[in-house]
Amino acid sequence: MKKMAIGAALLTLAGASSAQSSVNLFGLIDLNLNNAKAGSVAGGQSLTTMNDGTVNGLNGSRWGIRASEDLGGGLKAGALLESGFLADTGTAAQGGRAFGRQIFLSLGSDAAGEVRLGRQYILSDSVVGQGNPFGNALVNNPTTSVTNMGRSLPVFLNAPRADNTVQYQTPNLSGFTGAFQWAPGEGVSDKFYGARVAYAQAPLYVGLAYEWNKPRTGGPSTNKSLTLSANYNFGSFKLLGGLQRNRNLTTTSGNGAAVGVSNLIVTGATTFTMSQNDGVTVGVEVPLGQTTIGVNYTRATYKSAAADEADLGKLALAARYGLSKNTFLYAGLSIATGDLKEHISQKRVVQLGMRTAF
């Protein structure tokens, strides 16, 4: 009887311990077919490609491990290791990093907020995603760059992650949250700073983020990026919109909001080097049973220090059909407008894809 009692006690303790900790393995695969027709000045040719979801998909393909531990008193420790891969070729994404999507430790509580340490999403990424249908996905994505006469050209800035980052996020106070990020640069990159304030209480979301670099060689701040987004869910449809204002752009920061920008040369009727760009997007998302339809228009204006200027727009229509809570089919069409439409390789894009998570 005594042995049985001890055994029962040990089982009870083991159950309690396992209830305090969790480790989850997860994965996602997203693939799509894209047909892009170039503008007349860019050659006018059509090109069909198979792409991982990192290009105009619902999500980039990935696998990962998520762990959490209840430390008692409302305090929780956590870890996330998330590795990206390109499902069209089977190669590693994010430049071949082992955990290029995210890898961080966290410690926090509902009352005190949360601290994160490691490679993680920058704050503007979540704000931009609230201002367009499907949240930075499909042909509606305002952060998808275009190819401008052989060179990558950003629309909205798209650097979703930063290395060596310390983040603090406040508790949720009746829908209001704040967050701050800092990355030291470590002598090889510019220091990176970011701040975000948001209100999220159904049916309304409003968010504002501001990010910038302090050059490691000294001088004024660079890559100063202000992002504002809002949406309102009317039930039968959701109205979304956002804007972004970028100043003192460089390609040498090595970390932060502009780390994905490899080119500042704009080629249209004239060729110039931009020092700033402004973007705006407005759209609507309509749920129709298992199908959701999203329509939006995005426009970016590029300017040089010498007052050269050109603009590029994109009208996009996409649909997502849910086969289950984890598996979706999607399709979309986008058409470019503005000064640069004939100078890009994506004047018209048609896509068809599938995404599943497990």
* Donor-acceptor pair, Gln244 side chain versus Leu157 backbone, under 3.5 Å? -> yes
* Are Thr49 and Asn51 close enough that a side-chain donor and a side-chain acceptor fall under 3.5 Å? -> yes
* Asked: Which atom pair, heavy atoms only, marks the closest approach of Gly294 to Pro133?
  -> CA-CB, 3.8 Å
* Asked: Distance from Leu117 atom CG to Ser106 atom OG, nearest 0.5 Å?
  -> 9.0 Å
* To do: Would you name the heavy atoms of Ile29 and Ala87 that are closest together and state the gap between them?
  => CG2-CB, 3.9 Å
* Checking Asn223 side chain against Thr250 main chain: does a donor-acceptor pair fall under 3.5 Å? -> yes
* To do: Would you check if Asn136 and Phe156 make a side-chain contact, meaning some heavy-atom pair closer than 4.5 Å?
  => no
* Structure fact -> Separation between CD (Glu285) and CZ (Phe134), nearest 0.5 Å, reads 5.5 Å
* Asked: Using a distance-only test with no angle check, is there a side-chain donor-acceptor pair under 3.5 angstrom linking Asn59 and Asp30?
  -> no
* Asked: Under 4.5 Å between any side-chain heavy atoms of Tyr121 and Arg101, yes or no?
  -> yes
* **Nearest atoms (heavy-atom pairs only) where Lys303 meets Phe272** => C-CE1, 4.1 Å
* **NZ/NE/NH1/NH2 to OD/OE distance under 4.0 Å, Arg216 and Asp190** => yes
* Asked: Is it true that the side chains of Ser68 and Arg66 contain a donor and an acceptor less than 3.5 Å apart?
  -> no
* To do: Output yes when Asp52 and Arg355 qualify as a salt bridge under the 4.0 Å nitrogen-oxygen rule, no when they do not.
  => no
* Structure fact -> d(Ile65 CD1, Phe99 CZ) to nearest 0.5 Å is 6.0 Å
* **Test item: side-chain donor near acceptor, Gln120 and Gln102, under 3.5 Å** => no
* Check: Thr222 main-chain N/O paired with Asn248 side-chain donor or acceptor under 3.5 Å -> no
* Asked: Given Tyr330 and Asn56, is the side chain to side chain contact (heavy atoms under 4.5 Å, CB included) satisfied, shown in steps?
  -> CA-CA 10 Å; Tyr330 57 86; Asn56 287 340; over 6 Å; no
* To do: Give a yes or no on whether Arg245 atom CZ has more than 12 heavy-atom contacts from other residues, nucleotides or ligands under 6.0 Å away.
  => no
* **Nearest heavy atoms of Gly100 and Arg161, plus distance in Å** => O-CD, 3.4 Å
* **Heavy-atom side-chain proximity of Ser46 to Asn35 below 4.5 angstrom** => yes
* Asked: Got a donor-acceptor contact below 3.5 angstrom from the Asn213 side chain to the Asn255 backbone?
  -> yes
List the atom pairs, donor and acceptor, that lie under 3.5 Å between side-chain atoms in residues 169-176 and the rest of the protein, sequence neighbours left out.
| from | atom 1 | to | atom 2 | distance (Å) |
| --- | --- | --- | --- | --- |
| Gln169 | OE1 | Arg196 | NH2 | 2.5 |
| Thr170 | OG1 | Gly178 | N | 2.9 |
| Thr170 | OG1 | Gly178 | O | 3.4 |
| Asn172 | OD1 | Gly175 | N | 2.7 |

* **Shared hydrophobic cluster for Leu25 and Leu80 (ILVMFWY, side-chain gaps under 4.5 Å)** => no
* Pairwise side-chain contact, Leu123 with Gln167, heavy-atom cut-off 4.5 Å (strictly under) -> yes
* **Side chains of Leu333 and Arg348 in contact at under 4.5 Å (non-hydrogen atoms)** => yes
* Asked: Any sub-3.5 Å donor-acceptor pair from Asn32's side-chain atoms to Val55's backbone N or O?
  -> yes
* side chain to side chain donor-acceptor pair (under 3.5 Å) against Arg97, all qualifying residues, sequence neighbours excluded -> Asp163
* Can you check whether Val282 reaches Val280 side chain to side chain, under 4.5 Å on heavy atoms? -> no
* State whether the side chain of Thr292 and the backbone N or O of Arg320 hold a donor-acceptor pair below 3.5 Å, judged by distance alone. => no
* Asked: What's the verdict on side chain to side chain contact (heavy atoms under 4.5 Å, CB included) for Val127 and Tyr205, showing C-alpha distance, side-chain angles and the deciding distance?
  -> CA-CA 10 Å; Val127 176; Tyr205 172 91; 3.9 Å; yes
* Asked: Cut-off 3.5 Å, side chains only: do Tyr193 and Ser221 have a donor facing an acceptor?
  -> no
* Heavy-atom closest pair, residues Gly322 and Phe328 -> CA-CD2, 3.5 Å
* Asked: Distance-only, no hydrogens or angles: does the His343 side chain make a donor-acceptor pair with backbone N or O of Val41 under 3.5 Å?
  -> no
* To do: Is it possible for you to say whether Val259 and Phe192 belong to one hydrophobic cluster, with membership spreading through side-chain heavy-atom contacts below 4.5 Å?
  => no
* Asked: Stepwise, does the side chain to side chain contact (heavy atoms under 4.5 Å, CB included) test hold for Ser262 with Thr251?
  -> CA-CA 6 Å; Ser262 59; Thr251 61; 5.8 Å; no
* Any chance the side chains of Thr301 and Glu309 put a donor and an acceptor closer than 3.5 Å? -> no
* For the atom pair CG (Leu312) and CG (Asn148), what is the distance rounded to the nearest 0.5 Å? -> 8.0 Å
* Is a side-chain N or O of Asn326 found less than 3.5 angstrom from the main chain of Thr356, in a donor-acceptor match? -> no
* Phe85 side chain reached by Thr54 side chain, heavy atoms, under 4.5 Å -> no
* Val128 and Thr143: CA distance, side-chain angles, deciding distance, side chain to side chain contact (heavy atoms under 4.5 Å, CB included) verdict -> CA-CA 8 Å; Val128 175; Thr143 71; 3.7 Å; yes
* To do: State yes or no: do Leu31 and Leu329 share one hydrophobic cluster built from I, L, V, M, F, W and Y residues joined by side-chain heavy-atom distances below 4.5 Å, directly or via other members?
  => no
* Closest approach of Thr337 and Tyr297, non-hydrogen atoms and distance? -> OG1-OH, 2.9 Å
* Taking the six-membered ring for Trp, are Trp212 and Tyr210 ring centroids under 6.0 Å apart? -> yes
* Asked: Distance-only, no hydrogens or angles: does the Asn132 side chain make a donor-acceptor pair with backbone N or O of Leu240 under 3.5 Å?
  -> no
* **Ile293 side chain near Leu317 side chain, heavy-atom distance below 4.5 Å** => yes
* What about Met149 and Ile344, same hydrophobic cluster or not, with Ile/Leu/Val/Met/Phe/Trp/Tyr joined at side-chain heavy-atom distances under 4.5 Å? -> no
* When rounded to the nearest 0.5 angstrom, what is the spacing between CD1 in Ile335 and NZ in Lys37? -> 12.5 Å
* Please answer: with hydrophobic residues joined when any side-chain heavy atoms are less than 4.5 Å apart, are Phe234 and Leu204 in the same cluster? => yes
* Side-chain donor-acceptor pair under 3.5 Å between Asn246 and Ser225, yes or no? -> yes
* Value rounded to 0.5 Å, distance of CG in Asp278 from CG in Leu226 -> 10.0 Å
